[in-house]
Amino acid sequence: MKKPELLVTPKSIPHIKELIEAGADAFVIGEQKFGLRLAGEFSIDEVKEATQIIHEAGKKVYVSCNALFHNDRIDALDEYLKQLQQIGPDAILFGDPAVLMSVREFGITIPLHWNPETTATNWFQVNYWGERGAKRAVLARELSLDEILEIKENSKYEIEVQVHGMTCMFQSKRKLLGNYFLYRGEVMEIENRKENKNMFLHDKERNNKYPIYEDLNGTHIFSPNDICLIDELTEFFEAGIDSLKIDGILQTEEYITTVTSLYRQAIDAYFDEGEDTYDEIKDELFEKIKAIQPPLRPLDTGFIYKETVY
Amino acid sequence: MLQLIENESIRETINGKRIITKKPELLAPAGSLEKLKVAVHYGADAVFIGGQEFGLRSNADNFTIEEMREGVEFAKKYGAVIYVTTNIFAHNENMAGLEEYLRAIADVGVKGIIVADPLIIETCKRVAPELEIHLSTQQSLSNWKAVKYWKSEGLDRVVLAREVGAEEIRLIKEKVDIEIETFVHGAMCIAYSGRCVLSNHMTARDSNRGGCCQSCRWDYDLYENVNGEEKPLFNEGDAPFAMSPKDLKLIESIPHMIELGIDSLKVEGRMKSIHYVATVISVYRKVIDSYCADPENFKIKREWLEELDRCANRATASAFFEGEPSYKQQMFGFHAKKPEWDFAGFVFDYDEETQMVTLQQRNYFKTGDTVEFFGPEIDTFTMTVGQMWNEENEPIEVANHPLQIVKFKVEKPLHRYNMMRRKNK
Ligand code: SF4
């Protein structure tokens, strides 16, 4: 059996170094102009620097281009892809087929990962985008364990699954926070809070808290709980899921680093010492995460064991 | 307002007059066979319906294959066509039965499917190549390069994201030769379609398989988290945070859309009543026809706008077509608006000799009420309801049973499918 990759989302260049220490195998970086909901913002120069650092450490770096593009960003996208080709990261993430078209047009040789988030729901699509150049698919977070395993079994390409962190549940192009303040005549609030990512919506009926922020791509709303599967990894290991992702969006660097080192321990325990060792330590690892969990962020297992109807 | 640029490629000179000969298709929603017939009768060129599988709107009354056949036959008499929405993002468990289903749709004469998942696109190409394939708005298609991609995959038409504006459409049309469909009227998502799973989280219903509970229409309280302390960002009495969009209404942009060369104008609302479908379709029909017949002298008539208002129960706005929508295009605080008129009766028959109408009750009305009749064959008129009779020809004063048959005298001639509204007091 092959060890799955442990994929993380750094917030800064110094953070990348810490995460390498903590045992991360791969990194997702990029900037909001091209990638959606990134934990950190990396300019093209920083992408270059980060790629160097990560490659020197023998790790992998993926650059996100999975935004929904409008016409006005296509030229910039093309430029960006050409620059990336120079820099040479290990993969480009995409959701919009415009990226695929540009990659073909400019002879970009960097491999693609298909990551449209919510719509990656069946193995046919994984193979479809695979045949068109995506070496890997990042699955929707709204799938059950059985669905994930069945996709892995039937697809010819690498599969990445998020095992930790919050997930996006809504993206609007509209500036919904700004609009709310404008409606109330509080123009100043918009300026004051532009960079703030500490707001949340309270759903009184469910007593849930949903983080919300605005950026270039519109308004984003996040899940009320953080997924945490550190003690549920056996089936992913057995199925040979290729990459396990920790999404650190809206978390601190220290938090992401600690969580990364705990998942490192979990993976190593299973593969270096055996299933029994993993079984022995997994509850303890879970408790360690629980101990550093921010008070407003309860843990759960996402949709892994949840049934959805329609 | 955006500047309207005349498009020579859609015009011809006929009898010395420049008129528009490339008319866009008017595409109507229908959640039942009855709605389909009404849509076609009131002027739709095409109707989109849902089957019992693979479509969003799992609550809407969907069509059986037999009903689709009947719908196709009915539409054919008017030269209209039917599309079937199969726009879910399938999960593994939804994959079975797809081939048979697509075959069956094609066999009853449906013209095309509206689809988002490449699984369904590829299966359709393989087993039912005679069906047109239209890319659903669920793919949130927002740029010309992505449109080019779907063109290269052999699709016949794309429905653009609702977030795409007029100038963006112009460029897409310029760069790619493919049919474009856009929304002109009806309720809409405030999220990018396909990118909202609020209902999955809040109610365990999958929005990308038709389970959306419109969680975006609920009220929320906005807080900020300052070092672990929760601070409300609202005061006592403030309207709560809301992200409910006003319904789309682009009637005044229709000339612009025609000049852009858009191929299909889509009205949303498969769950809406026949009254809604009839009203909206007949108004858009008039706008498209009058503009194309005489673009120089075209003017939006007040009566069209008033007519549209008769079936509106939510405020309306133009969304992204004319630019980025502001807060004024959302609804805060109290939302519901009582329509001025209720749909009260559906005409089944009219006897010219006795001047008696036979209609089916669709809402309470009584002798003495002011009512209005409308339909494609008649000029809208109002009158006061006199003596009424029921199906057994017994005199009645009130029609208070849903779907009961009612007869009374109407001096002007009426036709099957005409509708009656009653003024709300
Ligand atoms: S909750 Fe609102 S935005 Fe989300 S899918 Fe439903 S209608 Fe669309």
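So you know, we letter chains A, B, ... as the sequences are listed, proteins then strands, and number each from 1. Everything numeric in this text was worked out from a predicted model, so none of it was measured.
Heavy atoms of B:N225 lying under 4.5 Å from chain A belong to its backbone as well as its side chain. Of the two parts of B:F320, only the side chain, counted from C-beta on, holds a non-hydrogen atom closer than 4.5 Å to a non-hydrogen atom of chain A. Of the atoms belonging to A:L77, not a single heavy atom falls under 4.5 Å from chain B. Only the side chain of A:Y128 comes within contact range of chain B, with heavy atoms under 4.5 Å apart. Using a 4.5 Å cut-off between heavy atoms, B:A239 contacts chain A through both its backbone and its side chain. For B:E324, the part lying near chain A is the side chain, with the backbone staying farther off; criterion is any non-hydrogen pair under 4.5 Å. Using a 4.5 Å cut-off between heavy atoms, A:R206 contacts chain B through its side chain alone, with no backbone atom that close. At a 4.5 Å heavy-atom cutoff, B:L141 makes no contact with chain A through either its backbone or its side chain. Neither the backbone nor the side chain of A:N208 comes within contact range of chain B, judged by heavy atoms closer than 4.5 Å. For A:I74, the part lying near chain B is the side chain, with the backbone staying farther off; criterion is any non-hydrogen pair under 4.5 Å. For A:K204, the part lying under 4.5 angstrom from a heavy atom of chain B is the side chain only. Proximity to chain A is absent for every atom of B:P232, based on heavy atoms less than 4.5 angstrom apart. For A:L296, the part sitting under 4.5 Å from any heavy atom of chain B is the side chain, from C-beta outward, and nothing else. Looking at A:E105, only its side chain comes within 4.5 Å of chain B, counting heavy atoms on both sides. When heavy atoms are compared at a cutoff of 4.5 Å, A:P224 approaches chain B solely by way of its side chain, counted from C-beta outward.
Of the charged side-chain nitrogens involved, at least one lies within less than 4.0 Å of a carboxylate oxygen, so that B:R157 and B:E179 count as a salt-bridged pair.
The environment of NZ in A:K82 is crowded: more than 12 heavy-atom neighbours from other residues, nucleotides or ligands sit within 6.0 Å. Under a cut-off of 6.0 angstrom, the local environment of CD in A:E131 is crowded, with over 12 non-hydrogen atoms contributed by other residues, nucleotides or ligands.
Side chains of A:M199 and B:L233 form a contact here, defined as non-hydrogen atoms less than 4.5 Å apart.
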